[in-house]
Amino acid sequence: MSSPTVQHHQHDIVIIGAGLAGLRAAFEGITAGLDTAVISKVHPLRSHSCAAQGGVNAAINPKDNWEDHAYDTVKGADFIGDQDAIDLMCQEAPQAVLDLDTMGCPFSREDDGTIAQRAFGGANFPRTAYAADRTGHAMLHTLWEQAIKNGVNVYDEFHVLKILTDKQRKRASGVVAYEIATGTLHVIKGRAVLVATGGYSRVFAHNTNAMINTGDGIALAMRAGAPAADLEFVQFHPTGLKSSGLLISEGVRGEGAYLIGKDGKRFMSKYAPNKLELASRDVVSRAEVMEIKAGNGVDGAVFLDVRHLGKDLILERLPQIRQLAIDFEGVDPIDAPIPVRPTCHYTMGGIRANKFGHSYLEGLFTAGEASCVSIHGGNRLGANSLIEGIVFGKITGKEMVRYAKEEGEAVPQVEPEDISEVQQEISAIKATPAKGGKRVADLRDKLTESMQEHVGVFRTEDHLKEGLKQVRKIKSDFKKVYIDDKSDMFNTDLLGVYELRSLIDLAEGTVMAALERKESRGAHSREDYPNRDDKNWMKHTLVSWNHNRQGVEIDYDEVRTTGNERYVPVERKY
Ligand SMILES: Cc1cc2nc3c(=O)[nH]c(=O)nc-3n(C[C@H](O)[C@H](O)[C@H](O)COP(=O)(O)OP(=O)(O)OC[C@H]3O[C@@H](n4cnc5c(N)ncnc54)[C@H](O)[C@@H]3O)c2cc1C
């Protein structure tokens, strides 16, 4: 039962995460001739990107333009996104989609052969390209084919437990990863290290996310010395299936679906007279909660109605969501409305970075949902995440190539205590007795239910304080966490402890940031501070790890503006 020996590896570029952001960056590394490695705790094709349904935004239609895409994004973000990064993304978006098209991604087509696009929330033009309702699946498979074809090194089913730095935590140098099949520890060094580990929506009990979305990379980066930002901004998607939280894509409303209450009538005209069901997600989620509170829901849900779209369109463009509704809710949307409610979907916060993906720790880069570049500010627009992944995967990948060649020489050496610390952690977890101990699943359920209850769509000081109290209690109980499985092979029990640790760090950061932000902006809606307060709160929250106190602390960072007059904040109406 003793742990096998440690193995050492060295690459030019080390990428944690094999979703769209990680694989797109890997493509830049390998095609530039650098030794590039991708680490993923599941097989790359099981990354959450594969679950994306609705599509990817880019101004590829000649009647559209990137400036409008950028404005919609700035406004959707409730004016707290970083304008330099938003401009860059929207300019690069069309080419990024065409790159994927050239690689062979099977996008849906119009009759004239151009890439088909549908309407999405908060956008002034139907600019969401898609591959039926399986867009992420199509894109991820395409990038995976390219990675294999070009010879990427893959550490698949390796779970990263630590990001390595020098002693002063000034320069990243690689990772310690746990080989899931054997329990062997691997030190994987790189001149440039990318965190592309996705989001942490699993911190809420009711969510649309894969089990693996526990925010490990964000929590590990904070511990390594790279602060996170804007953790208080959590997106609740208006159409999660009532019972399971599984996602019914916004693309369904893009195709013309209605939201109706118990009375069978559409209600969005009260909340967003112009955009109706296609207002931004924060607006629609709040509307649903208010309808449910006013008694116009059934069993805590409202309904998504597609019956008027007709069987043919549903079967052609929405086959997957129809099947999900049948399998998980027992409803065939061709004949009956689907019960839905707001469900945690996306975390706008992540590792703070500039528009080239540099975090605040030298040598550590970040892209995709794990990052806070910040494109989405207070609220992400639907279909802006896949485009963020492929645009900033590409840009950050190129920047890492440059960095690895020009500045990446001085990789700090790995100290023996870096490894022994992880070994001791694992031994201590295995040695904790069951008697008087706490189970991972029990603590995780308490944590996610507490977040659901106290840090949801609407927030108040009292609720947030109670939430923080409960999170801190769970954090204290976590010291007594024990596992039944003491073996080295496929010990998911052990890895569950590490995932829970990440969730606890991020929960603490989320509640503290939400408690401090005394205004309502984007998805952060305070009943006790109902207005946006640009004078005091036009700033990002920074969340850093304090090693002495073993907890997070809050600071602030400025919003990067470009002086574009169009971006002057106005009240956000849809
Ligand atoms: C159901 C659903 C539908 C969606 N639909 C859309 C949509 O239509 N359009 C849109 O724009 N966005 C959509 N989104 C959001 C979007 O899919 C994600 O934000 C995006 O795909 C994230 O990509 P990523 O590359 O950042 O991370 P992910 O795809 O989440 O990949 C994370 C990677 O990190 C690895 N990893 C994590 N922790 C570790 C660790 N400790 N060690 C090793 N590896 C690790 C994982 O194995 C995985 O490979 C949807 C999200 C969901 C949940």
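Order of listing sets the numbers, starting from 1, for every ligand and every atom in it. Just so it is clear, the structure is predicted and the values come from calculations on it, not from any experiment.
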Test item: [X] side-chain N/O and [Y] main-chain N/O as donor-acceptor pair under 3.5 Å:
X: N209; Y: H345; answer: yes
X: E277; Y: L259; answer: yes
X: D418; Y: L164; answer: no
X: S47; Y: A18; answer: yes
X: N491; Y: D485; answer: yes
X: D78; Y: G522; answer: yes
X: E179; Y: T184; answer: no

Which of the numbered atoms in ligand 1 are below 4.0 angstrom from a heavy atom of [X]?
X: Y346; answer: 19 (O)
X: A383; answer: 9 (N), 10 (C), 11 (O)
X: N209; answer: 53 (C)
X: H159; answer: 41 (N), 42 (N)
X: G198; answer: 26 (O), 27 (O), 30 (O), 32 (C)
X: F158; answer: 42 (N), 43 (C)
X: A196; answer: 32 (C), 33 (C), 34 (O)
X: A21; answer: 25 (O)

Subject >> Stepwise side chain to side chain contact (heavy atoms under 4.5 Å, CB included) test for I188 and H11 >> reply: CA-CA 7 Å; I188 307 172; H11 303 280; 3.7 Å; yes
What is the closest protein heavy atom to [atom], and at what distance does it sit?
atom: atom 16 (C) of ligand 1; answer: S385 OG, 3.5 Å
atom: atom 3 (C) of ligand 1; answer: L247 CD2, 3.2 Å
atom: atom 8 (O) of ligand 1; answer: G54 N, 2.8 Å
atom: atom 4 (C) of ligand 1; answer: A52 CA, 3.4 Å
atom: atom 46 (C) of ligand 1; answer: S40 OG, 3.8 Å
atom: atom 51 (C) of ligand 1; answer: H48 NE2, 3.3 Å
atom: atom 11 (O) of ligand 1; answer: L386 N, 2.7 Å
atom: atom 48 (C) of ligand 1; answer: S47 OG, 3.3 Å

N/O of [X] under 3.5 Å from N/O of ligand 1, yes or no?
X: A370; answer: no
X: G55; answer: yes
X: V160; answer: yes

**OP:** Might you work through the side chain to side chain contact (heavy atoms under 4.5 Å, CB included) test for D35 and I13, ending with a clear yes or no?
**Re:** CA-CA 6 Å; D35 176 352; I13 290 181; over 6 Å; no
Original post:
Between H186 and H9, how do the two ring planes meet: parallel, tilted or perpendicular, split at 30° and 60°?
Top reply: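 Parallel: the ring planes of H186 and H9 meet at under 30°.
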**OP:** Compare every heavy atom of A257 with every heavy atom of L304, then report the nearest pair and how far apart it is.
**Re:**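 The pair with the smallest heavy-atom distance is CD1-CB, 3.9 Å.
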From the options [options], select the one whose nearest heavy atom is closest to [atom].
atom: atom 41 (N) of ligand 1; options: D216, N57, N213, T208; answer: D216
atom: atom 24 (P) of ligand 1; options: A25, G389, S49, G22; answer: S49
atom: atom 50 (C) of ligand 1; options: H345, E369, R134, Q53; answer: H345

Any heavy atom of [X] sitting closer than 4.0 Å to ligand 1?
X: R380; result: yes
X: L20; result: yes
X: E250; result: no

Original post:
Quick one: are E499 and R444 in side-chain contact, heavy atoms under 4.5 Å?
Top reply: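 Not in contact.
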Original post:
Is the closest side-chain heavy-atom distance between I429 and Y498 below 4.5 Å?
Top reply: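 Touching, per the 4.5 Å side-chain cut-off.
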Original post:
Distance from R46 atom CZ to M211 atom CE, nearest 0.5 Å?
Top reply: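 Rounded to the nearest 0.5 Å, the CZ-CE separation comes out at 15.5 Å.
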Original post:
If you measure from CD1 on I115 to OH on Y130, what distance do you get to the nearest 0.5 Å?
Top reply: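 If we round to the nearest 0.5 Å, I115:CD1 and Y130:OH are 11.5 Å apart.
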Original post:
If you measure from each non-hydrogen atom of N384 to ligand 1, which part falls under 4.0 Å: side chain, backbone, both or neither?
Top reply: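 It is the backbone that touches ligand 1; the side chain stays farther off.
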